[in-house]
Amino acid sequence: MEERVFNFSAGPATLPLPVLEKVQSELLSYPGAGASVMEISHRSKVFAEIHANAKANIAKLLNLSEKHHVLFLQGGASLQFSMLAMNFLQGGTADYVHSGSWATKAMAEAKKIGTVNTAWSGKADNFVRMPKPDELQLTDGAAYVHFTSNETIQGITMFEEPETGDTPLVCDASSDFLSRPLDISKYALLYAGAQKNVGPAGTAVVILRDDMLAKVPEGLPSLLDYKIMADKDSLYNTPSCFIIYIIGEVTRWILDEFGGLEEMAAHNEAKAALVYDLIDESGGYYRGHAAKDSRSKMNIAFRLPSEELEAKFVANAKAAGLDGLKGHRSVGGCRASIYNAMPKAGCEALRDFMAAFQKDNG
Ligand SMILES: *Cc1c(COP(=O)(O)O)cnc(C)c1O
């Protein structure tokens with residue numbers, strides 16, 4: 001087998017090696033099924049257990065109460081931009097925190113359905129930071145307040161939730177889901193595309209508080225109706241069985257390896273510090289995009305002194321087994337995505353490579 005690289009891709013992203021190995025060992029014949037998880041009925045007892053385990057692991061990691069449903073919905077996080085608005089914004093106004101590229105997309109979809117109030121915008125500052133909760137201009141009686149906890153492209157994180165009182169709080173947590181503890185009781189709805197932190201692409205994990213279901217209007221397409229999907233426990237139609245299985249294995253890995261999200265967060269902080277410290281000590285050779293108090297532990301966006309050096313950096317890193325470091329085409333530069341599954345050794349290797357590159361090209 002060809003050697004695995006350290007994969008800093010923003011998503012689909014690296015998965016824990018022990019999970020890939022377990023999935024490989026079960027690929028042809030899943031215990032109790034005599035067939036691959038890809039080949040068995042989504043109504044079978046074996047799959048029911050796989051599905052229940054994935055939900056139970058997420059519930060355990062987030063301390064979920066009976067009040068929250070865990071759904072696995074297709075169409076990725078982007079379909080949630082629309083589904084959210086179709087279910088809760090018809091005829092109303094929602095507040096959106098305009099924090100970066102993904103918030104921009106979520107707002108554009110919501111505007112097709114209802115009125116979007118920009119509660120705060122970081123656009124004029126090139127999205128280098130997140131707002132403090134008290135900077136938000138919220139609408140009385142808004143249908144919900146939406147924020148993006150981690151802007152994957154700009155590499156900035158909102159560490160404190162907006163204070164919304166009785167207004168439902170909604171979060172796109174695609175790129176920091178299960179990377180740190182969270183007070184889920186504050187959230188009416190939280191969604192995350194699986195391919196950053198919890199599995200392969202093609203599914204959004206949606207955590208929905210029960211009281212929201214009464215607000216779902218009649219007549220939505222069934223697959224876009226949270227009430228139907230919750231009533232049917234994500235099994236209205238054939239779900240993404242294989243992805244749900246891997247989400248169950250990745251969340252099991254977090255529980256086994258780290259015990260919970262406190263340890264997971266400490267691990268992620270230590271990893272990110274390796275790279276940020278190098279940036280801060282480089283005398284301005286590497287320049288981080290994010291303001292210090294908004295620095296993401298998941299995506300580190302940075303520049304070098306010139307675009308030529310950035311291209312050389314990305315190419316040389318790839319040759320050294322550090323792949324996926326090119327920044328998003330919309331912001332340029334470089335980006336290291338170091339989600340839960342990136343081992344500390346990967347961040348150490350990146351730090352060492354960055355130091356050596358600066359020495360040779362400074
Ligand atoms: C990747 C990402 C999305 C889009 O996810 P898809 O599954 O590709 O639709 C949305 N929001 C954030 C914060 C993301 O990182």
Side-chain angles (χ1 to χ4, degrees), residues 7-15 71-86 94 96-112 116 121-123 127 129-131 144-159 161-162 169-180 182 187 189-207 223-224 234 239-240 242-244 246-247 250 268 272 289-290 294-301 324 326-331 335-342:
N7 172 12
F8 294 93
S9 164
T14 195
L15 287 164
L71 306 179
F72 301 105
L73 304 182
Q74 299 179 55
S78 297
L79 191 59
Q80 291 305 304
F81 298 162
S82 307
M83 187 168 175
L84 164 67
M86 290 170 85
Y96 276 73
V97 180
H98 188 212
S99 50
S101 304
W102 287 113
T104 304
K105 290 200 161 170
M107 292 166 79
E109 293 304 316
K111 278 179 194 159
K112 296 175 186 172
V116 167
S121 180
K123 187 165 193 254
F127 299 124
R129 71 170 183 101
M130 287 287 188
Y144 55 83
V145 177
H146 179 281
F147 77 111
T148 310
S149 49
N150 185 71
E151 284 284 359
T152 320
I153 291 173
Q154 284 78 18
I156 56 175
T157 297
M158 192 154 168
F159 293 102
E161 293 97 351
L169 180 65
V170 175
C171 179
D172 174 1
S174 293
S175 50
D176 65 347
F177 185 54
L178 304 183
S179 71
R180 61 195 164 96
L182 184 74
Y187 292 74
L189 196 162
L190 179 146
Y191 60 93
Q195 73 275 22
K196 312 295 168 51
N197 243 335
V198 286
T203 290
V205 181
V206 176
I207 297 172
L223 283 172
L224 297 173
S234 309
S240 46
F242 197 74
I243 298 176
I244 293 168
I246 298 181
I247 292 172
V250 172
N268 286 329
H289 175 82
S294 294
R295 279 178 165 178
S296 169
K297 312 284 192 284
M298 300 281 100
N299 313 96
I300 303 178
K326 193 167 167 13
H328 191 270
R329 59 192 182 283
S330 64
V331 300
R335 174 175 51 167
S337 295
I338 53 169
Y339 301 114
N340 286 352
M342 172 59 66

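Counting starts at 1 for both ligands and their atoms, following the listed order.
A heavy-atom distance below 4.5 Å is not found between the side chains of Tyr339 and Gln195. Phe72 is listed as a side-chain neighbour of Ile247, based on a closest heavy-atom distance under 4.5 Å. Residues Phe147 and Tyr96 form no side-chain contact, since every pair of their non-hydrogen atoms from C-beta on lies 4.5 Å or further apart. In this structure the side chain of Pro239 reaches within 4.5 angstrom of the side chain of Ile244, judged on heavy atoms. A 4.5 Å side-chain heavy-atom check between Phe8 and Ile338 finds at least one atom pair inside the cut-off.
Protein heavy atom closest to atom 11 (N) of ligand 1, with residue, atom name and distance, is Asp172 OD2, 2.6 Å.
Within ligand 1, the atoms closer than 4.0 Å to a non-hydrogen atom of Phe81 are 10 (C), numbered from 1 in the order shown. Close contacts between ligand 1 and Gln195 involve ligand atoms 5 (O), 6 (P), 7 (O), 8 (O) [criterion: under 4.0 Å to a heavy atom]. Every atom of ligand 1 is numbered from 1 in the order shown, and the set under 4.0 Å from a heavy atom of Thr152 is 12 (C), 13 (C), 14 (C), 15 (O). Under a 4.0 Å criterion applied to the non-hydrogen atoms of Lys196, ligand 1 contributes the atoms 1 (C), 2 (C), 3 (C), 14 (C), 15 (O). Atom numbering of ligand 1 starts at 1 in the shown order; those under 4.0 Å from a heavy atom of Asn150 are 13 (C).
In terms of polar-atom proximity, Ala77 is counted as a contact of ligand 1, with an N or O under 3.5 Å from an N or O of the ligand.
Within the 6.0 Å centre-distance limit, the rings of His98 and Phe127 are counted as a close aromatic pair.
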